[in-house]
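Below is one structure, written out as structure tokens, with a few remarks after it.
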Amino acid sequence: MDVIVIETPQLGDRSYLVHDGAVALVIDPQRDTDRVENAAREAGVSITHVAETHLHNDYVTGGFELARSHDAKYLVNAADPVKFEREPVTDGQVIAVGNLTVTVVATPGHTHTHVSYIVSDGTTEAVFSGGSLLFGSVGRTDLVAATDTVGLTHDQYASVRKLVHEAEHDAALFPTHGFGSFCSSGPATGAGSSTIGEQLTANHALTDADEEHFVRDLIANLTAYPSYYAHMAPANTQGPGPANLQVPESLDAAELTRRLADGEWVIDLRNRVAFSSNHLQGAVSFEYGNGSNFTTYLGWVLPWNEQLTLVGAHADVEDAIRDLSRIGIDSPDAAIGTDPHALAPDAPLASYDRVGWDGMLQGRAAEDVLLDTRRIDEFAASHLLGAVNVPLHEILSRMDEIPAGKVWVHCGSGYRAGVAASLLQRAGRDVVHVDANFGDAEAAGVTMAAQAA
């Protein structure tokens, strides 16, 4: 048995191609299925089975299209209310994939109908746990409905125990979530690999003997998650079609100028340093690359299902189109180029100041607004004295709550603040982007708020 990992770090997820040298099972594929197909081609194997651990909340699946295009059996829980033909699977069912055996294990918790798969070649085992057992933690349990969270958390506690009981201790563990995904919860580790045996001694869901304590603790530590999640499971229920990854023809200057003037969403993909110094007035900054959470924050912050125009270098636009397809944002338009004036000579340009902590200390007046765009839980843990907290994902809906005056906007690393600064300027506010690591603020001499005992 060979397991090939297909990583999607932009969303913190992994997909898997599991094969015996001839035929393969694909587990939890992302929308851009060409990566899986390339891996199968390089391995010299045929895709005969595609499996879902659950109806995903954080991305649009490529499973339906992959199974259709390869005439493969599509393994989906029989209890899932999907609108397409599939191979329904149930707890305890054993499926042959070439020389491999695949055992279905019901593991509700992340969703009501979540399943995991134990794959064996007769000598070794591998456990594909989706959003059930993760490295150090479990998948979050609040994505279905608020009224179901407590019950699902109890289910999660029981499910991981059932899973480790049915698997061998030396079985390798391959979760889908937990690598930066908002679908993970609790103290997920940064490990790249693990086994069932290691999790028995390191995973709080397995080491906490008090179920009620585990449930209270997990729920208490759940944080905000992207609003676009609400659209993912419905799309996956329908059976999503293929992703269109083609870069469209670049918009001409007149059309780009019109879109800016009409207030349409024009997304500048350049780095935030370049954006702050010179950009098309009305554009917003979503820096692409450099480990940014571009996909997550764009899908979370901007209104859903509105036409987007991506502006940037061809390679960045191409990659951004692929990333956005994974969350169901299809067919954005594009203006290819990195010189704002050349792209739209008749459109007005804009800029704003970008400073570090020293610059803020030297330039900010007492009456100016200090805006913290981190999440509520981050703000509660520690924040700057006098800061107003409006999380980035709430900026558009709470713009009127931000006090009048010049706004100095910061976050944890500078990325979210860059997005927020562009949105504020677009709304007519006078802004300064504090592009600095929050962890360096106190050492730089910034006064921190006293924390409640």
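With sequence neighbours left out, A243 forms a side-chain contact (heavy atoms from CB on, under 4.5 Å) with R31, L245, S325. When the salt bridge (Lys or Arg N to Asp or Glu O under 4.0 Å) test is applied to R272, the partners found at least two apart in sequence or on another chain are E287, D435. Take E212 and apply the side-chain contact (heavy atoms from CB on, under 4.5 Å) test, not counting sequence neighbours, and it matches H154, D210, R216.
In this structure, R68 is not positioned above the aromatic face of Y74 in the sense of NZ or CZ being under 6.0 Å from the six-membered ring centre and within 45° of the axis.
Residues H177 and D13 have side chains that bring a donor and an acceptor to within less than 3.5 angstrom of each other. Side-chain atoms of H49 and E87 form no donor-acceptor pair, as typed in the model, at a separation below 3.5 Å. For the residue pair N38 / R35, no side-chain donor-acceptor distance below 3.5 Å is found, with atom types taken as modelled. D28 and S15 form no side-chain donor-acceptor contact under 3.5 Å, judged by distance and modelled atom types alone. Between the side chains of T113 and D80, at least one donor N or O sits under 3.5 Å from an acceptor N or O.
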Going through the distances and angles, do D330 and N244 end up as a side-chain contact (heavy atoms from CB on, under 4.5 Å)? CA-CA 7 Å; D330 292 321; N244 178 8; 6.0 Å; no
Evaluate the side-chain contact (heavy atoms from CB on, under 4.5 Å) criterion for residues V355 and V432: first the C-alpha distance (whole Å), next the side-chain angles of each, then the deciding distance (0.1 Å), finally the verdict. CA-CA 7 Å; V355 301; V432 178; 3.8 Å; yes
Start with the C-alpha distance between V160 and S132, add both sets of side-chain angles, then the distance that settles side-chain contact (heavy atoms from CB on, under 4.5 Å), and finish with yes or no. CA-CA 7 Å; V160 294; S132 181; 3.8 Å; yes
Would S422 and S285 count as a side-chain hydrogen bond (donor to acceptor under 3.5 Å, both in side chains) here? Give the steps. CA-CA 6 Å; S422 70; S285 174; 5.1 Å; no
Walk me through whether T111 and L55 qualify under side-chain contact (heavy atoms from CB on, under 4.5 Å). CA-CA 8 Å; T111 67; L55 291 178; 5.9 Å; no
Please assess R326 against D58 for the test salt bridge (Lys or Arg N to Asp or Glu O under 4.0 Å), listing each intermediate value before the final yes or no. CA-CA 9 Å; R326 296 171 182 149; D58 64 330; over 6 Å; no
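T447 is not listed as a side-chain neighbour of L384, based on a closest heavy-atom distance of 4.5 Å or more. By the 4.5 Å heavy-atom criterion applied to side chains, V97 and V23 are counted as neighbours. Put simply, the side chain of V5 does not reach to within 4.5 Å of the side chain of L17, judged on heavy atoms. Side-chain contact between D2 and V18: absent, with no pair of heavy atoms (C-beta onward) separated by less than 4.5 Å. Two residues are said to be in side-chain contact when any heavy atoms from C-beta on lie closer than 4.5 Å; T295 and L11 meet this criterion. Side-chain contact between T176 and R14 is absent, with no heavy atoms from C-beta onward closer than 4.5 Å. In this structure the side chain of V434 reaches within 4.5 angstrom of the side chain of W357, judged on heavy atoms. Side-chain contact between S382 and F438 is present, with at least one heavy-atom pair separated by less than 4.5 Å.
A donor-acceptor pair under 3.5 Å is formed between the side chain of N271 and the backbone N or O of V273. Between the side chain of H19 and the main chain of V45, no donor-acceptor pair closer than 3.5 Å is present. Within the 3.5 Å criterion, the main-chain N or O of T195 finds a donor-acceptor partner in the side chain of E198. Side chain of H410 to backbone of G356: no donor-acceptor contact under 3.5 angstrom is found. In this structure a side-chain-to-backbone donor-acceptor pair under 3.5 Å is missing from N293 to T296. Side-chain atoms of T149 come within 3.5 Å of backbone atoms of A145 as a donor-acceptor pair (strictly under, hydrogens ignored). D372 contributes no side-chain N or O that, together with a main-chain N or O of V388, makes up a donor-acceptor pair within less than 3.5 Å. Q199 places a side-chain N or O within 3.5 Å of a backbone atom of G136 that can act as its donor or acceptor partner. At distances below 3.5 Å, not a single donor-acceptor pair connects side-chain atoms of E168 with backbone N or O atoms of T124. Remark: side-chain polar atoms of S181 are paired, donor with acceptor, to backbone N or O of C183 under 3.5 angstrom.
Shown here is K73, whose NZ atom has no more than 12 heavy atoms of other residues, nucleotides or ligands within 6.0 Å. The environment of E211 atom CD is dense: over 12 non-hydrogen atoms of other residues, nucleotides or ligands sit within 6.0 angstrom.
Considering all non-hydrogen atoms of both residues, F214 and H204 come closest at CE1-CE1, 3.7 Å. Of all heavy-atom pairs spanning T33 and G62, the tightest one is CG2-O, 3.4 Å. For the residue pair Y16 and V3, the shortest heavy atom distance occurs at CD2-CG1, 3.9 Å. The heavy-atom pair separating C411 from R416 by the smallest distance is SG-N, 3.5 Å. Between G178 and L134 the shortest heavy-atom distance is CA-CD1, 4.1 Å. In terms of heavy-atom proximity, P108 sits nearest to A106 at CD-C, 3.5 Å.
Here the straight-line distance linking atom CG of N437 with atom OG of S413 works out to 6.5 Å at 0.5 Å rounding. Separation of atoms CG (L206) and CG (N203) is listed at 5.0 Å; rounding is to 0.5 Å. In this structure, CG in D71 is found 10.5 Å from OG1 in T48, a value given to the nearest 0.5 Å. From Q30, atom CD reaches atom CD of E7 across 11.5 Å, with rounding to the nearest 0.5 Å. In this structure, CG on L66 lies 8.5 Å from OG1 on T61, to the nearest 0.5 angstrom. To the nearest 0.5 Å, atom CG of residue L152 and atom CG of residue L143 are 9.5 Å apart.
Residue pairs satisfying the side-chain hydrogen bond (donor to acceptor under 3.5 Å, both in side chains) criterion with at least one member in residues 92-109, sequence neighbours excluded, are listed as follows: T107-H114, T107-S116.
Ring geometry for F174 against F128 counts as parallel: the plane angle stays under 30°, on a 0 to 90° scale with 60° as the upper cut.
By the 4.0 Å N-to-carboxylate-O rule, R322 lies close enough to D34 to be salt-bridged with it. A salt bridge is absent between E394 and R375: the closest approach of a Lys/Arg side-chain nitrogen to an acidic carboxylate oxygen does not fall below 4.0 angstrom.
Under the 6.0 Å cut-off for aromatic ring centres, F294 and Y415 do not qualify, their centroids lying 6.0 Å or more apart. You'll find the ring centres of H54 and H112 outside the 6.0 Å limit.
Applying side chain to side chain contact (heavy atoms under 4.5 Å, CB included) to Y117 and the options T53, V105, L25, V127 leaves one that passes, T53.
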Report, one line per pair, each donor and acceptor closer than 3.5 Å where one atom sits in a side chain of residues 222-232; sequence neighbours left out.
| from | atom 1 | to | atom 2 | distance (Å) |
| --- | --- | --- | --- | --- |
| S227 | OG | W300 | O | 3.3 |

Please set out all donor-acceptor pairs under 3.5 angstrom arising from side-chain atoms of residues 302-319, sequence neighbours excluded.
| from | atom 1 | to | atom 2 | distance (Å) |
| --- | --- | --- | --- | --- |
| E306 | OE1 | W265 | NE1 | 3.1 |
| Q307 | NE2 | D333 | OD2 | 3.3 |
| T309 | OG1 | R259 | NH1 | 2.9 |

